[in-house]
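The next block holds one structure in the form of structure tokens; read it before the comments.
Because only heavy atoms are used, hydrogens play no part in the values below, and waters and symmetry mates are left out as well, while side chains stay in.
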Amino acid sequence: MINLTINGKSIEVAEGTTVLNAARQNDIKIPTLCDHPTLTPYGGCRLCVVEVKGMRVPIAACTLPAANGMVIETETSSLKKSRNVILSLLFSERNHFCPFCQVSGGDCELQNAAYAEEMTHWPMQPQWTNFPVDTSHPYFILDNNRCIMCRRCIRACAEMSGNFTLSVEERGAATIVVADTNVPLGQSTCVSCGSCVQVCPTGALIDRQSAYLGHDKNLTVTRSVCRGCSLGCGIEIHTRDNHIVKITGDYDAPNAGTLCKTGRFLPVEQTRTRITTPLKRVDGKLVATTWEDALKLLAQNLTPLKGKIAAVASTRLPVESLYAFKSLFA
Ligand code: FES
């Protein structure tokens with residue numbers, strides 16, 4: 001175990017823990033942007049800088065391994081000033097005029113970080129280039145104008161889905177996220193898993209299906225199991241007014257947040273018109289009926305077949321449905 005001190009508090013963490021995770025495990029908040037718990041630390045945004053006694057300059061906590069005897073401060077006035085400058089630079093580098101952005105008002109980690117630092121404006125003159133918006137993909141949009149180059153999407157594409165479609169092109173302020181060799185996303189090797197959209201901290205990757213349908217705070221989250229195949233990935237279904245707004249991967253499930261197109265996007269597309277009553281076939285057409293009528297019909301048709309019924313179930317069904325299926329046919 002490693003013993004260190006953060007903000008005067010003595011803490012003990014397992015060997016190999018980063019300073020950021022050591023702080024998190026002890027409820028000490030260090031602001032972050034490029035860091036994501038599911039992805040390998042990258043140390044790009046520098047928002048998580050901390051002061052370490054004996055070190056000449058502030059160090060990024062997300063990539064700094066905790067060591068025995070470290071004495072760390074996270075809330076000095078000089079660190080607050082650094083964060084303010086880092087955020088000002090990020091805001092001034094691209095078009096971050098928040099009112100136009102669909103994640104503004106609670107879902108943007110950049111905006112939230114600025115509010116947490118009590119920023120009301122950024123003092124630097126904006127100097128951005130206008131980048132084209134890539135709308136070629138059927139499920140999401142890539143807007144490099146909102147990008148803060150945290151590379152979460154690139155790491156998610158590589159580490160979560162193992163696809164390596166996303167990367168960067170150019171240098172410095174001209175750096176942009178591209179697909180393959182800068183081909184339109186819709187014509188690239190993207191497999192539409194949507195991991196990049198799920199981890200994006202700003203409005204740079206926008207889910208077409210859920211855009212402008214409400215902030216996360218307005219949505220009800222229900223943890224469930226994907227019905228797409230027999231793998232049974234953990235999903236979180238975000239609903240509003242009894243409509244599915246989006247589906248995201250459950251980070252706490254064995255799939256660690258990763259989903260495929262079938263789990264993330266197709267159910268939303270297909271369930272916008274939900275089946276809310278039983279259906280019976282009349283003259284070749286499905287018509288709505290009551291449960292009473294449906295069950296009566298089922299009994300009428302099944303009873304005469306005693307002992308001559310074969311029932312087939314799909315492995316796509318969740319455990320609950322398979323249990324109900326077994327109960328019925330047993
Ligand atoms: Fe540590 Fe970005 S969160 S450098």
Check: [Y] main-chain N/O paired with [X] side-chain donor or acceptor under 3.5 Å:
| X | Y | result |
| --- | --- | --- |
| N26 | I11 | no |
| N145 | V133 | no |
| N112 | G106 | yes |
| D180 | V183 | no |
| Q111 | G105 | yes |
| D134 | L185 | yes |
| H36 | R155 | no |
| T18 | N21 | yes |
| R223 | G234 | no |
| Q102 | Y212 | yes |

How far does [atom1] of [X] sit from [atom2] of [Y], to the nearest 0.5 angstrom?
| X | Y | atom1 | atom2 | result |
| --- | --- | --- | --- | --- |
| E12 | N3 | CD | CG | 4.5 Å |
| Q300 | K296 | CD | NZ | 6.5 Å |
| L219 | I244 | CG | CD1 | 12.0 Å |
| D250 | L259 | CG | CG | 9.0 Å |
| T63 | D35 | OG1 | CG | 9.5 Å |
| I247 | T239 | CD1 | OG1 | 10.5 Å |

A quick test of your reading: do over 12 heavy atoms of other residues, nucleotides or ligands sit less than 6.0 Å from NZ of K285? no
A quick test of your reading: do over 12 heavy atoms of other residues, nucleotides or ligands sit less than 6.0 Å from CZ of F100? no
Could you tell me which residues satisfy side chain to side chain donor-acceptor pair (under 3.5 Å) with N68, sequence neighbours excluded, listed by chain and number? none
Taking the side chain as every heavy atom from C-beta outward, state whether [X] and [Y] have any pair of such atoms under 4.5 Å apart.
| X | Y | answer |
| --- | --- | --- |
| C45 | C150 | no |
| I141 | L205 | no |
| L87 | M119 | yes |
| I72 | N7 | no |
| R264 | S195 | yes |
| R151 | L166 | no |
| L4 | V71 | no |
| V19 | M70 | yes |

What I want to check is whether the side chains of E117 and N84 have a donor and an acceptor closer together than 3.5 Å. no
Can you see whether T248 engages Q198 through a side-chain donor-acceptor pair at a distance of less than 3.5 angstrom? no
Is the F265-H137 ring centre distance short of 6.0 angstrom? no
From CA spacing to verdict: side chain to side chain donor-acceptor pair (under 3.5 Å), D293, W291: CA-CA 5 Å; D293 184 40; W291 278 111; over 6 Å; no
Checking side-chain contact (heavy atoms from CB on, under 4.5 Å) for the pair L302/I309: CA distance, chi angles, key distance, verdict? CA-CA 8 Å; L302 291 182; I309 301 172; 3.9 Å; yes
Please report the shortest heavy-atom distance between [X] and [Y], naming the atom on each side.
| X | Y | answer |
| --- | --- | --- |
| D207 | Y139 | OD1-O, 3.5 Å |
| R94 | A173 | NH2-O, 3.2 Å |
| A174 | F131 | O-CE2, 4.1 Å |
| G228 | T262 | CA-CG2, 4.0 Å |
| C34 | G43 | SG-N, 3.9 Å |
| L47 | A113 | CD2-CB, 4.0 Å |

Under a 4.0 Å threshold between the charged nitrogen and the carboxylate oxygen, would [Y] count as salt-bridged to [X]?
| X | Y | answer |
| --- | --- | --- |
| D216 | K246 | yes |
| E109 | R152 | yes |
| R83 | E75 | yes |

Could you walk me through whether K80 and T74 pass the side-chain contact (heavy atoms from CB on, under 4.5 Å) check? CA-CA 9 Å; K80 284 185 182 162; T74 70; over 6 Å; no
Please assess T165 against T189 for the test side chain to side chain donor-acceptor pair (under 3.5 Å), listing each intermediate value before the final yes or no. CA-CA 6 Å; T165 294; T189 55; 2.8 Å; yes
In this structure, would [X] and [Y] fall into the same cluster of hydrophobic residues linked by side-chain contacts under 4.5 Å?
| X | Y | result |
| --- | --- | --- |
| V319 | L322 | no |
| L20 | I2 | yes |
| V52 | V49 | no |
| V199 | Y42 | no |
| M55 | I30 | yes |

CA sep, side-chain torsions, deciding dist, call: S92, Q125, side-chain contact (heavy atoms from CB on, under 4.5 Å): CA-CA 6 Å; S92 62; Q125 187 68 27; over 6 Å; no
Begin with the C-alpha distance, continue with both residues' side-chain angles, and end with the deciding distance and a verdict on side chain to side chain donor-acceptor pair (under 3.5 Å) for H238 and T220. CA-CA 5 Å; H238 303 249; T220 306; over 6 Å; no
Pair V221, I237 - check side-chain contact (heavy atoms from CB on, under 4.5 Å), show working. CA-CA 6 Å; V221 179; I237 306 170; over 6 Å; no
Would T40 and E159 satisfy side chain to side chain donor-acceptor pair (under 3.5 Å), going step by step from the backbone distance to the final call? CA-CA 8 Å; T40 308; E159 295 173 19; 3.0 Å; yes
Which label fits F91 and W122: parallel for a plane angle under 30°, tilted from 30 to 60°, or perpendicular past 60°? parallel
